[in-house]
Structures are given as structure tokens and as C-alpha cells.
2 protein chains.
Amino acid sequence: MELDRAALCLKLLGDKTRLTMISILKHRDCCVCEFQEVFDMSQPSISQHLRKLKDAGIVTESRKGQWVYYSLNQQSDLFELIHDILKHAPDQTERMIQIEKSNATLRCGC
Amino acid sequence: MELDRAALCLKLLGDKTRLTMISILKHRDCCVCEFQEVFDMSQPSISQHLRKLKDAGIVTESRKGQWVYYSLNQQSDLFELIHDILKHAPDQTERMIQIEKSNATLRCGC
DNA sequence: TATTTATATAAGCAAATAGTTATATAGTAA
DNA sequence: TTACTATATAACTATTTGCTTATATAAATA
């Protein structure tokens with residue numbers, strides 16, 4: 001692993017929003033509207049964070065109808081590093097419950 | 001570990017200079033003038049990076065005469081996280097050889 | 001078709017960041 | 001004391017960052 005690449009990964013995860021996103025994605029895929037349930041910020045802001053993670057190859061996206069689901073990219077060269085980092089981050093059960101309670105995508109039937 | 005604290009640590013290591021510093025400090029303590037041998041930047045810039053790492057409790061400093069030596073703080077709550085991260089970063093043998101060749105602190109007799 | 005919903009992109013802005021040069025401080029040594 | 005060396009701090013600047021609002025795109029639906 002190149003130093004530049006490791007540093008990029010750490011910089012991206014060195015933001016509370018993105019670190020939380022990744023911690024959640026470790027357990028379940030999420031679409032943008034689900035993230036909107038747990039982050040107190042605008043939808044474009046959430047999309048922009050996800051874009052950065054996608055550009056770095058840390059997450060992948062897949063469209064299901066009008067929803068776009070984001071997942072941790074297990075094929076990424078950064079996956080193991082991320083996995084090791086997440087061992088030290090607090091779990092996000094609270095936020096995941098919040099997502100599920102919200103039924104943000106119950107509408108989509110997924 | 002708080003999310004804020006983990007994010008702070010990742011942000012600090014998400015800089016190539018600081019990540020390299022930490023990778024070196026894993027193997028040997030260094031003073032500022034030794035870091036000057038391997039980073040192509042001004043002395044104040046190096047001091048400022050070390051200050052940020054010190055403020056976060058990631059490194060500690062100890063003065064020996066006119067030299068100030070920096071070490072990884074093994075007592076830090078971030079130490080294990082950092083240790084796990086460094087497993088994924090390239091080793092800095094090259095730079096450490098460069099430091100030793102330079103004899104930056106041979107003068108101090110340490 | 002037109003409307004609604006989900007998401008992305010563009011443009012702008014304030015705050016943070018990483019570097020610089022100049023200067024201050026601390027220790028050593030003449 | 002004075003001069004020198006190592007390091008820290010201050011002040012400044014250009015760039016990057018993370019947000020905002022406004023708008024565009026894409027899919028579903030009436």
C-alpha cells in the first residue's frame with residue numbers, strides 16, 4: 001500500500017460524518033435518504049461525502065429504482081485498513097435503529 | 001473510544017508528512033533536526049506538525065539539552081488504533097537510514 | 001404527457017489547513 | 001557577557017474543506 005493512498009483513506013475517514021457513514025455501512029447498505037435520517041445536514045452535503053468515498057474506491061453504489069444504495073467496497077485495497085480502523089470506533093447501533101424506525105425506504109419495498 | 005477522538009486521530013494521520021513521522025517514530029525517537037533531514041520543508045512547518053500530534057496526545061516530547069525528542073505516546077488512548085493503522089502503511093526504512101547517515105544529532109552524543 | 005421523488009451537480013462562502021518568512025525562546029559554549 | 005544552535009511561535013497567505021442554496025438529472029407514477 002502506498003503512503004499516499006493510506007493517507008487519503010485516513011483523511012477521508014478523519015471526518016465525523018464519513019467515519020459514521022462507514023461504521024454504518026459496515027453493517028448494512030444504505031441509500032442517501034436513509035443517511036438523511038441520521039445526519040443533521042442537507043441532502044447535497046450527504047451526497048458529496050458519499051462521492052468522496054466513492055471516488056476513493058471505499059464504497060460502491062448500485063441503483064435500485066430511484067434509490068441509490070451505497071456499500072462498503074470489499075474489493076478495495078483499503079478494505080482491510082478500514083476494517084482495522086472500525087474495530088476502534090464506537091458502534092452505531094443507535095443510528096441504525098433510527099434508520100430502521102424511520103422506514104425511509106419502506107416505500108421502495110426493498 | 002469516542003467517535004470525535006477517533007476522527008481527530010485519523011484526520012491527523014491523514015496527512016502524508018504526519019503519517020510518515022508516526023511511521024518513523026514507531027521505530028525510533030526523533031528530534032526536529034532529524035526530521036528536517038527527511039522532509040523537504042521548513043523547520044517551523046515540522047515543528048507545527050509535531051505540535052498537532054502532541055496536542056492530540058499522540059506523541060510526547062522530552063528535551064535533551066538543546067534537542068527536543070519526540071516519541072510515540074504508548075499511554076495514549078489512541079495508541080492501539082495507531083498501531084493497527086501502521087500495519088497497513090509502508091515501512092520507512094529508507095528514511096530512517098537517511099536520518100542515521102545524516103548524523104543530525106551525532107553532535108549531541110545521545 | 002406532467003408531477004413527484006430521489007439523487008447529483010454547480011456555484012458560492014466561511015472556516016480550517018499547511019505551508020511560508022520573521023522573530024522569539026532556550027540551551028550551549030566562547 | 002556575546003554568539004551560536006535547536007526549537008517554538010507569530011503573522012501571513014494560498015489552497016482545501018464542508019457546508020449552504022439553487023438547479024439538473026433520473027426514475028416512478030398519475
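These numbers were taken from a predicted model, which means no experiment stands behind them. In what follows, every chain begins at residue 1, and chains take the letters A, B, ... in the order their sequences are listed.
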Residue pair B:N73 / B:T60, side-chain donor-acceptor N/O under 3.5 Å: no
Strand-adjacent residues in residues 45-59 of chain A, judged by heavy atoms under 4.0 Å from DNA chain C: A:S47, A:Q48, A:R51
Nearest-Å distance for atom pair CD/P, residues A:Q43 and D:dA24: 15 Å
Phosphate OP1/OP2 of D:dA6 contacted by B:Y70 side-chain N/O (<4.0 Å): no
Check: B:L12 main-chain N/O paired with B:R18 side-chain donor or acceptor under 3.5 Å: yes
Under the salt bridge (charged side-chain N to carboxylate O under 4.0 Å, His left out) test, residues paired with A:K16 that sit two or more places apart: B:D4
N/O donor to acceptor pairs below 3.5 angstrom from side-chain atoms of residues 94-101 of chain B, sequence neighbours left out:
from: B:R95; atom 1: NH1; to: B:Q92; atom 2: OE1; distance (Å): 2.8
from: B:Q98; atom 1: NE2; to: B:E37; atom 2: O; distance (Å): 3.1
from: B:E100; atom 1: OE2; to: B:R28; atom 2: NE; distance (Å): 3.0
from: B:E100; atom 1: OE2; to: B:R28; atom 2: NH2; distance (Å): 3.2

Whole angstrom value for the distance that separates C1' of C:dA6 from CD of A:E34: 12 Å
Check: B:L19 main-chain N/O paired with B:S23 side-chain donor or acceptor under 3.5 Å: yes
Counting only pairs under 3.5 Å, give me each side-chain donor-acceptor contact of residues 76-89 of chain B, with atom names and distances, residues two or more places apart or in other chains.
from: B:S76; atom 1: OG; to: B:L78; atom 2: N; distance (Å): 2.9
from: B:D77; atom 1: OD1; to: B:R5; atom 2: NE; distance (Å): 3.2
from: B:D77; atom 1: OD1; to: B:R5; atom 2: NH2; distance (Å): 2.9
from: B:D77; atom 1: OD2; to: B:R5; atom 2: NE; distance (Å): 2.8
from: B:D84; atom 1: OD1; to: B:K87; atom 2: NZ; distance (Å): 3.3
from: B:D84; atom 1: OD2; to: A:H88; atom 2: NE2; distance (Å): 2.7
from: B:H88; atom 1: NE2; to: A:D84; atom 2: OD2; distance (Å): 2.7

Touch class at under 4.0 angstrom, heavy-atom based, for A:F35 against every strand present: nothing
Separation of atom CG in B:L12 from atom P in C:dA16, rounded to whole Å: 15 Å
N/O (side chain, B:K11) to phosphate O (OP1/OP2, D:dT17) under 4.0 Å: no
Length of the line joining B:E37:CD and D:dA6:P, which is rounded to integer Å: 10 Å
Rounded distance [0.5 Å steps], CD in B:Q48 versus OG in B:S42: 7.0 Å
Worked verdict on B:F35 versus B:M21 for side-chain contact (heavy atoms from CB on, under 4.5 Å): CA-CA 8 Å; B:F35 280 129; B:M21 283 175 160; 3.9 Å; yes
side-chain contact (heavy atoms from CB on, under 4.5 Å) between B:Y69 and B:V32, intermediate numbers included: CA-CA 7 Å; B:Y69 277 78; B:V32 179; over 6 Å; no
Residue-phosphate contact under 4.0 Å: B:Y69 side-chain N/O, D:dA6 OP1/OP2: no
Five-pair end axes of the helix from C:dT1-D:dA30 to C:dA30-D:dT1 and the angle they enclose, rounded to 10°: 0°
B:S42 vs C:dG19: side-chain N/O to OP1/OP2 distance below 4.0 Å: no
Touch class at under 4.0 angstrom, heavy-atom based, for B:E61 against every strand present: sugar-phosphate
Between C1' of D:dC19 and CG of A:D40, the distance in whole Å: 12 Å
Stepwise side-chain contact (heavy atoms from CB on, under 4.5 Å) test for B:L25 and B:S71: CA-CA 6 Å; B:L25 289 178; B:S71 325; 5.8 Å; no
Whole-Å gap separating P (D:dA27) and CD (A:Q66): 10 Å
Value rounded to 0.5 Å, distance of CH2 in B:W67 from SG in B:C33: 7.0 Å
Touch class at under 4.0 angstrom, heavy-atom based, for B:F39 against every strand present: nothing
Close approaches to DNA chain C from residues 16-25 of chain A, in residue order (heavy atom, under 4.0 Å): none
For atom CZ of B:R63 and atom C1' of C:dT28, their distance in whole Å: 11 Å
Derivation of the side-chain contact (heavy atoms from CB on, under 4.5 Å) call for A:R51 and A:D55: CA-CA 6 Å; A:R51 176 72 134 85; A:D55 284 350; 2.9 Å; yes
Whole angstrom value for the distance that separates P of C:dA18 from CG of B:D15: 5 Å
